[in-house]
Amino acid sequence: MTNQLQQTIEEKIKSFLDAQEIPLAPLKWTPIPFSGEWGISTSFFQTAADEARAGQGGGKPVPQRAQELAEQVKGQMGSVEGVSHIEAMKAYLNVFFETSDYARRVVDEVLASGPDFGRGAAKGERVMVEYAQPNTHHSFHIGHARTTLLGESLARIVEFAGFDTIRASYPGDLGLGVITVLWAYEKFYKGQEPQGVHERGQWLLKIYAEATALLEKKENETPEQTAQREAYEAERRELYRKWDAGDAAVRELWRVTREWSLEELRDILNMLDIKIDVWFYESEVDGPSKVIVDELIAKGIATDERPQGGAVIIKIDEKLGMAKEKYRTAVLLRSDGTSLYLTKDLALAKVKFEQYHVDRSVYVVDFRQNLHFQQAFKILEMWGFPQAAKCYHLSYGYITLPEGAMSARRGRVVLFKDVADEAVRRVLAVESEKAPDMSEAERQKVAEQIGLGALAYSMLSVDNNKDIVFDMDAALSFDGRTGPYIQNAHVRANSILKKAQAAGYELRVTGYDYELTKHEIELIEQISKFPAAVEQAANEYRPLVMAAYAYDLANAFHSFYHAVPVLQAEDAKVRDARLQLVAAAKQVIANALRLLDIQAPEVM
RNA sequence: GCCCCCGUAGCACAAUGGACAGUGCAACUGCCUUCUAAGCAGGAGGUUGUGGGUUCGAAUCCCGCCGGGGGCGCCA
């Protein structure tokens with residue numbers, strides 16, 4: 001909404017400098033920092049530097065000349081509609097807005113657009129976000145929560161920014177890990193089935209850890225132990241062979257236990273208010289992946305070394321004529337003809353491009369897969385898919401424990417469900433103290449909203465390529481820069497509006513032609529930044545941008561709330577104007593929280 | 001050997017070419033008969049690992065070094 005204004009001023013600057021035959025460097029506009037007013041600013045450093053390089057500008061130091069230009073421009077600006085005053089400071093031209101006018105435009109637009117405030121224009125491109133890819137036959141741990149929350153937040157952001165969006169999940173439902181669970185189940189727990197969705201899912205993880213321990217080579221094994229282990233290993237291999245051959249009984253066991261895992265996954269996604277549009281199962285991509293290999297060989301991209309007893313490979317660096325090793329060599333088929341992770345991802349990418357007509361493909365997968373995706377994207381490019389340029393690996397760091405990495409094999413994991421339950425318990429403890437009048441049902445609901453909000457924010461407010469050492473107290477903190485802090489701002493806004501309604505005040509169109517406090521100005525400033533924050537978060541595929549914004553907005557609201565009376569305002573006109581502002585703030589906080597997959601409670 | 005990521009206040013993090021490098025936690029000082037104190041306000045805490053370079057301007061870009069993590073043809 002500052003665009004027309006910005007354009008008007010830009011044109012004035014251009015024509016002024018044109019008249020003096022000074023070439024103007026592109027102008028970058030930023031909000032003015034450190035002021036109780038608001039507006040936009042731009043600097044003349046670049047123009048002055050270009051001038052100096054061209055031997056113009058009278059040989060003055062660049063900063064001095066830039067300041068001179070800013071002053072001259074200011075002198076020529078005259079009066080501009082919607083601008084209160086202009087200053088030239090340290091080579092910056094600061095353009096301050098007419099407060100009452102600007103405030104009204106911002107608030108009116110928010111209230112008119114409501115949940116759509118900040119929505120970007122349709123981009124005409126389709127993006128698929130692939131996230132939440134746990135392996136089946138394990139349980140969902142806190143590390144999975146990171147990809148899930150990152151992915152969902154990203155999907156919400158790009159969707160809101162105007163992209164046609166598809167949410168995809170790609171569970172790993174085959175492989176040795178899965179077979180290991182089936183083997184141990186058959187051998188030690190056949191016919192058993194715990195009740196409860198999460199109990200069953202977690203039980204599979206326990207079986208997996210037990211089985212791994214039995215199959216692991218130990219130090220100082222007795223000959224009997226070695227024989228036992230090798231016998232187990234032979235049974236597992238045999239089971240894998242049967243599964244591969246499509247043995248009906250094995251397939252059925254696989255299908256049933258797989259469903260236990262997926263049920264648990266679906267329940268967790270439901271808790272997190274996530275609706276996946278497309279499920280790709282690794283087992284379903286396995287077949288198609290073998291087909292594409294022939295195509296890649298025929299195109300001369302892949303090299304078939306099978307006649308020599310080798311594998312099918314792509315020597316990527318060699319094909320590209322690279323001097324240094326960067327993309328290395330990728331293997332597409334083992335010498336026994338079975339496909340690999342990369343092969344499946346290539347086949348899946350083809351499906352995404354051709355069947356789902358995806359223009360941009362984002363993969364939310366941990367950082368250890370960096371090389372894998374560099375290889376995959378490069379091969380897709382060599383293969384001739386223009387979409388390869390818009391494939392993006394949103395790589396994220398691991399969640400580790402204070403005692404080291406999590407390990408499903410050792411059963412050393414922090415389960416998401418346990419953390420979520422603990423979160424709810426902690427909120428309930430606080431809740432009974434803070435809101436003793438709340439009904440039991442509502443208290444439970446609010447506790448879930450707040451607890452999961454705390455957890456989600458703790459994941460999203462850290463740059464994705466940093467590791468997180470999981471600390472329950474930190475993840476579930478309610479103080480300071482946290483989800484509940486932002487939710488509390490929403491609740492406080494709601495609280496004022498409720499009281500206003502009870503008092504019979506109506507939200508009516510009003511103006512801001514009184515002297516605004518700096519807190520009101522700061523709050524309006526933050527509100528007005530929301531659309532730009534959406535755009536930036538979407539362009540950079542970074543939910544962190546939205547997380548940071550949401551905090552700044554909530555922070556501005558809390559300060560406002562504390563310092564500025566709304567219902568108590570002496571003047572009814574001021575009260576009404578502030579009520580409007582509170583309503584707008586509540587709306588934008590809710591919009592921002594929604595993009596972070598965090599609920600905006602009415603009470604807490 | 002090669003490739004990628006990271007190093008910012010005691011701790012955890014933010015800021016990817018612009019104005020005094022911000023925020024939280026911890027510690028300290030105030031503020032609840034007044035719209036919810038899950039809050040607000042206030043000081044204190046920094047040669048941005050290090051040495052060069054590019055630039056009018058560098059936490060940010062380039063090169064070297066130190067320290068940490070990850071990866072590198074038949075795991076996923």
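The chains referred to below are lettered A, B, ... by the order of the sequence lines, with proteins before strands, and numbering in each begins at 1.
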When you measure only distances, ignoring hydrogens and angles, does the side chain of A:Ser41 come within 3.5 Å of the base of B:A19 through a donor and an acceptor? yes
Between B:U50 and B:G10, how far is it from one P atom to the other, in whole Å? 13 Å
Classify the side chain of A:Asp463 versus the base of B:A15 as yes if they form a donor-acceptor pair under 3.5 Å and no if they do not. no
Base, sugar-phosphate, or nothing for A:Val469, non-hydrogen atoms under 4.0 angstrom? nothing
Spacing of A:Gln374 atom CD relative to B:C5 atom C1', expressed in whole Å: 11 Å
Give one of base, sugar-phosphate or nothing for A:Ile450, where a contact means two heavy atoms less than 4.0 Å apart. base
Answer with base, sugar-phosphate or nothing: what part of the nucleic acid does A:Tyr561 contact at a heavy-atom distance below 4.0 Å? base
Closest of B:G39, B:C74, B:A76 to the A:Gln369 side chain is B:A76
Looking only at atom P, what distance separates B:G43 and B:U34, rounded to whole Å? 27 Å
Using only side-chain N and O atoms of A:Lys90, determine if any of them is under 4.0 Å from OP1 or OP2 of B:C20. yes
Testing B:C40, B:C2, B:C74 for proximity to the side chain of A:Tyr485, the answer is B:C40
Looking at A:Tyr396, does the NZ or CZ of A:Arg146 lie under 6.0 angstrom from its six-membered ring centre and within 45 degrees of the ring axis? no
No-hydrogen, no-angle side-chain donor-acceptor test under 3.5 Å, A:Ser339 and A:Asp286: yes
Nearest-Å distance, CG (A:Asn465) to C1' (B:G7)? 12 Å
Spacing of the C1' atoms in B:A59 and B:U8 (rounded, Å): 7 Å
Rounding to the closest angstrom, what is the interatomic distance between B:A9 and B:A15 at atom C1'? 15 Å
Can you confirm whether A:Met89 is buried at CE, in the sense that more than 12 heavy atoms of other residues, nucleotides or ligands lie under 6.0 Å from that atom? no
Hey, where does RNA chain B pair up into stems, meaning at least three consecutive Watson-Crick or G-U pairs with distances under 3.5 Å? B:1-7 with B:66-72, B:10-13 with B:22-25, B:28-31 with B:39-42, B:49-53 with B:61-65
Between B:U54 and B:C62, how far apart are the two C1' atoms, rounded to whole Å? 7 Å
Do A:Gln46 and B:C56 share a donor-acceptor pair, side chain to base, under 3.5 Å? yes
Which is true for A:Ala49 with a 4.0 Å heavy-atom rule: it touches a base, it touches only sugar-phosphate, or it touches nothing? base
If anything within 90° of 0 is syn and all else is anti, what is B:G57? anti
Nearest heavy atom decides the nucleotide; on that basis, is A:Arg368 or A:Met604 closer to the 5' end of RNA chain B? A:Met604
Mind calculating the distance between CD (A:Glu570) and P (B:C35) to the nearest angstrom? 16 Å
Judged by modelled atom types alone, do A:Glu602 and A:Asn494 share a side-chain donor-acceptor pair under 3.5 Å? yes
Out of B:G17, B:A15, B:C74, minimum distance to the side chain of A:Ser335 belongs to B:C74
Just call it for A:Val462: base, sugar-phosphate, or nothing, with non-hydrogen atoms closer than 4.0 Å on any strand. sugar-phosphate
Does A:Thr30 or A:Ser339 map to a spot on RNA chain B nearer the 5' end, using the closest nucleotide for each? A:Thr30
Per-pair distances, 0.1 Å, donor-acceptor, side chain in residues 556-573 of chain A, under 3.5 Å, sequence neighbours excluded:
residue: A:His558; atom: ND1; partner: A:Arg492; partner atom: NH1; Å: 2.8
residue: A:His558; atom: NE2; partner: A:Tyr485; partner atom: O; Å: 3.1
residue: A:Ser559; atom: OG; partner: A:Asn555; partner atom: O; Å: 3.3
residue: A:Asp571; atom: OD1; partner: A:Lys573; partner atom: N; Å: 2.9

Report which part of the nucleic acid A:Ile313 touches: base, sugar-phosphate, or nothing (heavy-atom distance under 4.0 Å, all strands). base
Taking any heavy-atom pair under 4.0 Å as a contact, classify A:Arg53: base, sugar-phosphate, or nothing. sugar-phosphate
Ring pair (Phe, Tyr, Trp, His ring centres under 6.0 Å) involving A:Phe373 - partner list, sequence neighbours excluded: A:Tyr363, A:Phe377, A:His393
For residues A:Thr180 and A:Arg236, is any side-chain donor paired with an opposing acceptor at under 3.5 Å? yes
Salt bridge (charged side-chain N to carboxylate O under 4.0 Å, His left out) between A:Glu442 and A:Lys445: does it pass, once the steps are laid out? CA-CA 5 Å; A:Glu442 180 159 42; A:Lys445 182 180 149 213; 5.7 Å; no
Taking side-chain contact (heavy atoms from CB on, under 4.5 Å) as the test, write out the residues that go with A:Gln599, two or more places apart. A:Asp273, A:Gln449
According to a strict under-4.0 Å criterion, is A:Asn494 in side-chain N/O contact with OP1 or OP2 of B:C35? no
Counting distance alone, no hydrogens or angles: does the base of B:C72 have a donor or acceptor under 3.5 Å from a partner atom on the side chain of A:Arg328? yes
Could you tell me which residues satisfy ring pair (Phe, Tyr, Trp, His ring centres under 6.0 Å) with A:Tyr549, sequence neighbours excluded, listed by chain and number? A:Phe530
Does A:Trp243 have any ring pair (Phe, Tyr, Trp, His ring centres under 6.0 Å) partners at least two apart in sequence or in another chain, and if so, which? A:Trp254
In terms of side-chain heavy atoms of A:Leu340, which of B:C4, B:C75, B:C25 is nearest? B:C75
Just to confirm, is there a sub-4.0 Å distance from OP1 or OP2 of B:A14 to any side-chain nitrogen or oxygen of A:Lys466? yes
Below 4.0 Å: OP1/OP2 of B:C35 and any side-chain N or O of A:Lys498: no
Answer with base, sugar-phosphate or nothing: what part of the nucleic acid does A:Val564 contact at a heavy-atom distance below 4.0 Å? base
Looking for any heavy atom pair under 4.0 Å, which part of the strands does A:Leu371 touch: base, sugar-phosphate only, or nothing? sugar-phosphate
Check ion pair A:Glu68-A:Arg65 (N to O, under 4.0 angstrom): yes
Same-atom distance (P) from B:A58 to B:A14, integer angstrom: 23 Å
Under 4.0 Å, heavy atoms only, any strand: does A:Asp552 hit a base, just the sugar-phosphate, or nothing? nothing
Can you check B:C32 for me, syn or anti if syn means within 90° of 0? syn
Would one find a side-chain N or O of A:Arg65 under 4.0 angstrom from OP1 or OP2 of B:G57? no
According to a strict under-4.0 Å criterion, is A:Arg481 in side-chain N/O contact with OP1 or OP2 of B:A12? no
Report which part of the nucleic acid A:Asp471 touches: base, sugar-phosphate, or nothing (heavy-atom distance under 4.0 Å, all strands). nothing
Can you identify which nucleotide, out of B:C35, B:C3, B:A41, has its nearest atom closest to the A:Ser559 side chain? B:A41
Expressed in whole Å, how much space separates the P atoms belonging to B:G7 and B:C25? 23 Å
Inter-nucleotide P distance (B:C4, B:C65), Å rounded: 14 Å
Quick one: the side chain of A:Arg492 and the base of B:C35, do they pair up donor-acceptor inside 3.5 Å? no
Of the options B:G17, B:C40, B:G73, whose atoms approach the side-chain atoms of A:Lys315 most closely? B:G73
How is A:Asp317 classified with respect to the nucleic acid when contacts are heavy atoms under 4.0 Å: base, sugar-phosphate, or nothing? nothing
How would you label the contact of A:Glu431 with the nucleic acid (heavy atoms, under 4.0 Å): base, sugar-phosphate, or nothing? base
For A:Val312, which contact category applies under a 4.0 Å heavy-atom criterion: base, sugar-phosphate, or nothing? nothing
